[in-house]
Amino acid sequence: MKPTSSSFSTNFATTTSKRLQTSLSNLRIWEEFEAKTCLCNKILDGCPDVLTLKKLHAQVLVIDHLHSNPSIGIKLMRAYSSFGEPKTSRKVFDEIPAADKNIVFFNVMIRSYVNNCMYGEALLVYMNMWRYGVVPDNYTFPCVLKACSVSDNLKVGLQIHAAIVRAGLDFNLFVGNGLIAMYGKCDRLGDARRVLDGMRQRDVVSWNSMVAGFAQKGRFDDALEVCKEMETQLVKPNAGTMASLFPAVTNTSSANVQFVREMFNKMAMKELVSYNVMIAICVNNSLPTEAVEIFSQIESKGLEPDPVTIASVLPACGDLSALELGKRIHEYVVRKGLSQNMFLTNALVDMYAKCGCLQAAREVFDGMGLRDVVSWTSMISAYGMNGQGRDAVGLFSEMLESGVVPDQIVFVSILSACSHSGLLDEGRHYFRLMTREYKMVPRLEHYACMVDLLGRAGLVDEAYKFISQMTVKPSEQLWGALLSACQVYSNMSLGLVAADHLFQLVPEQAGYYVLLSNIYAKAGRWNEVTAVRSVMKSRGISKMPGCSNVEMGKRVHTFLVGDQSHPQTKEIYEELDVLVSKMKEAGYVPETNSALHDVEEEDKECHLAVHSEKLAIVFVIINTEPGTPIRITKNLRVCGDCHVAAKHISKITEREIIVRDTNRFHHFRNGTCSCGDYW
DNA sequence: ATAGGGTTAG
């Protein structure tokens, strides 16, 4: 409508003017409306950052006060919540006049809190809404039930269940699923089951929630039963089922792992999450090779790994010392702009550390904008594993200065670092710091570090006294630390005490029989050596076969003791013979003390000659350019003989040899080892 | 809207 000229009659002019005014004011309203809609959409589409959101919020307040348009308020609350600012959501919420505050506001407020881990606050809002005369609905209940689940709040959970029944919503699918999860988490599996059975309608989430309930309590068999039942009900397991099972499949039997693998294999449509869970399960059950294999399946299926995939597979790279793969993943992280994800940077630091690349680990660590206690722990234990106790101590102080609060785990790392470097006083200092300043109750792991520290320092009696004074029952690790100290320092009487406890705790562990046998051997008590050997035989205990991993090209090669299965076996053994004679010329004498004395001298020497790390070292020598460093990971501690041999080989072949055993790193260079023979 | 997957020690 265009304003007309006023050259007509006055009457007409007045009418026109009035019309004009109305239309102008309509226009203004319309403009405002449009501006608001536009703002709304901007808020809804998601702001790039909080600052932009706050600017938009300010404009909303200028144009008109919030209460004229409730939907803007709701969108603002959601947006603030998504930026982790539930408190700002609350401010918006509080400014809405009571008369306008309908159920949606309450639901969004509750959700804002729940999504930001403020469960108590969420439940308070729920309690308060009754006073406003607002009745919770089918959107409210699942959300508050989640708050109860996560915070293990059975008491409120039960109240909510009662309210649900009163509201007649107990047959709602989402509400029922929420109840199952809540009861499962609060260890009321019977009640969870009753809810499941009473539901008129169930979906895969209902079943998965039931599975999760058992799995979270480590009840794998019960979780498994539910999975089987699902199948009879023709509900197909999905990625969620695997994810729900996951907690029950950490450090579990291979049969349990196998079950999940089969479920995984049977899935017609595999989502990324299924792969991620499968990788995590492998990593958590000492199957790093399988984890890496599943990771490559993701790549070959054309799926794109997400941050969870990466964070899950990196520990497997570390376990295998698969440095090349680790580097490739690092590049991927950088390329995808994920370098600020702390899960990933922490995992990268640890991967490099476990691959023996202290420098690379440190570079990632130094490049981090933010560091949490996990970052520091990884770096501290990296130094610890490499025998650089002083650096670990320095880093611990830096961590405290940076304001990061130490936890139990970082104390394990620093204590272990001290023990590996023989820093006796420092170790004692940290134990006191932990118990006195930070008022932490030492766990078995801390005690084990202390016994190790004292034992390695030769204070075997004090180590034993330390164990005796403990208020908790000593674990296998504690007696194990004492026993190996007894071996190093030839303390037979305490060695027997430790061995006695160990044979009762873990009668199947071959390693402790070997240690005891070595103690006897050092003392020349051959009859006892034979006796230990025959006990082992009669109990059917055999040594866990030593195995070494080495990465070559795109795969990891594994060698067992005396392995003859590798395609290059012939060349490897021939080259080893050549090396051994060169070593003998340089003064190498096979150290037979490291083996069980149950065989003739030559056999022993022969047996030692084929320890897995030797095979792996030679394998790398014949397949790489001169000068290429050799990185080996093994599943047992490196034996005395292999340690001497590796020193010689590093000198003869002019190669750096980096061996990670179950305990620490050994960097062999030019005939010496970084551990200074202290391990 | 409801469940479920990630990094650190020993």
Side-chain angles (χ1 to χ4, degrees), chain A residues 107-108 110-111 114-115 137-146 149-150 172-182 184-185 192 202-213 215-216 237-247 249 271-281 283-284 305-315 318 338 341-351 353-354 371-382 384-385 406-417 419 443-449 452 475-478 480-481 662-663:
Chain A
N107 288 346
V108 172
I110 291 171
R111 190 166 304 283
V114 171
N115 288 343
D137 63 5
N138 54 317
Y139 289 85
T140 323
F141 287 122
C143 200
V144 285
L145 283 170
K146 187 195 169 109
S149 302
V150 184
N172 177 285
L173 177 65
F174 291 109
V175 174
N177 290 348
L179 281 169
I180 296 174
M182 186 275 292
K185 183 69 199 312
R202 286 174 277 268
D203 65 0
V204 68
V205 176
S206 328
W207 290 100
N208 289 350
S209 304
M210 198 64 226
V211 170
Q216 282 155 4
N238 62 3
T241 319
M242 289 186 57
S244 303
L245 265 175
F246 177 68
V249 201
E271 304 159 56
L272 186 63
V273 174
S274 314
Y275 287 98
N276 291 352
V277 173
M278 210 53 243
I279 290 173
I281 289 178
V283 168
N284 278 314
D306 71 358
V308 178
T309 321
I310 307 288
S312 308
V313 79
L314 276 173
L338 297 169
N341 183 326
M342 226 192 287
F343 273 115
L344 299 185
T345 43
N346 288 346
L348 281 169
V349 169
D350 200 60
M351 180 276 293
K354 294 228 167 83
R371 299 184 192 104
D372 64 2
V373 70
V374 176
S375 330
W376 292 96
T377 305
S378 297
M379 206 58 230
I380 288 169
S381 56
M385 283 189 291
D407 65 359
Q408 310 243 17
I409 296 176
V410 77
F411 273 111
V412 177
S413 298
I414 190 67
L415 288 173
S416 155
S419 93
R443 294 191 195 172
L444 281 167
E445 290 88 339
H446 303 112
Y447 286 120
C449 287
D452 201 50
S475 64
E476 176 198 343
Q477 285 71 25
L478 275 144
T662 44
N663 207 33

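FYI, side chains are in, hydrogens and waters are out, and symmetry mates aren't considered; it's all heavy atoms of this structure. On a predicted model such as this, the values are computed, not experimentally measured, just so you know. Letters go in sequence order (proteins before strands), and every chain restarts at 1.
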Item to check | Check: A/Met379 and A/Val349 side chains under 4.5 Å, non-hydrogen atoms | outcome: yes
Item to check | pair A/Gln408-A/Val412: side-chain heavy atoms closer than 4.5 Å | outcome: no
Checklist entry - Please give, in whole Å, the distance from B/dG6 P to A/Asp372 CG? => result 16 Å
Next on the checklist: Once hydrogens and angles are ignored, does a donor-acceptor distance under 3.5 Å link the base of B/dA1 to the side chain of A/Asn107?
Outcome noted: no
Checklist outcome for this item: From the candidates B/dA9, B/dG4, B/dG6, the one with an atom nearest any side-chain atom of A/Ala243 is B/dG4
Next on the checklist: Could you work out, with side-chain hydrogen bond (donor to acceptor under 3.5 Å, both in side chains) as the rule, every residue matching A/Asp350, not counting sequence neighbours?
Outcome noted: A/Lys354
Item to check | Separation of B/dG4 C1' from A/Leu272 CG (nearest whole Å) | outcome: 13 Å
Next on the checklist: What is the distance, to the nearest angstrom, from the OH atom on A/Tyr275 to the P atom on B/dG6?
Outcome noted: 18 Å
Checklist entry - How close or far is atom C1' of B/dT8 from atom NE2 of A/His446, stated in whole angstroms? => result 12 Å
Next on the checklist: What's A/Asn208 touching, base or sugar-phosphate or nothing? Going by heavy atoms closer than 4.0 Å.
Outcome noted: base
Item to check | Partner set under side-chain hydrogen bond (donor to acceptor under 3.5 Å, both in side chains) for A/Thr377, not counting sequence neighbours | outcome: none
Checklist entry - If you look at every strand shown and take non-hydrogen atoms under 4.0 Å, does A/Asn138 touch a base, only sugar-phosphate, or nothing? => result base
Checklist entry - CE of A/Met182 versus P of B/dA3: gap in Å, rounded? => result 13 Å
Checklist entry - Looking at the side chain of A/Val205, which of B/dA9, B/dT2, B/dG6 is the nearest nucleotide? => result B/dT2
Checklist entry - Can you find a side chain N or O atom of A/Gln216 that sits less than 4.0 Å from OP1 or OP2 on B/dG4? => result yes
Next on the checklist: What is the separation between atom CG on A/Leu145 and atom P on B/dT2, rounded to the nearest whole Å?
Outcome noted: 11 Å
Checklist outcome for this item: Rounded to whole Å, the CD1-P distance (A/Ile180 to B/dG4) equals 12 Å
Checklist entry - Does A/Lys354 have a side-chain nitrogen or oxygen under 4.0 Å from the phosphate oxygens OP1 or OP2 of B/dA9? => result yes
Checklist entry - Is it true that a side-chain atom of A/Asn177 and a backbone atom of A/Ile180 form a donor plus acceptor pair closer than 3.5 Å? => result no
Checklist entry - From B/dA3, B/dA9, B/dG6, pick the nucleotide closest to the side chain of A/Asn341? => result B/dG6
Checklist entry - Any idea which of B/dA9, B/dG4, B/dG6 is nearest the A/Ala239 side chain? => result B/dG4
Item to check | Separation of B/dA1 C1' from A/Tyr139 OH (nearest whole Å) | outcome: 7 Å
Checklist entry - Which of these nucleotides, B/dG6, B/dT8, B/dT2, is closest to any side-chain atom of A/Arg111? => result B/dT2
Checklist entry - Would you say a side-chain N or O of A/Arg202 is under 4.0 Å from OP1 or OP2 of B/dT2? => result no
Checklist entry - Any idea which of B/dT2, B/dA9, B/dG4 is nearest the A/Arg443 side chain? => result B/dA9
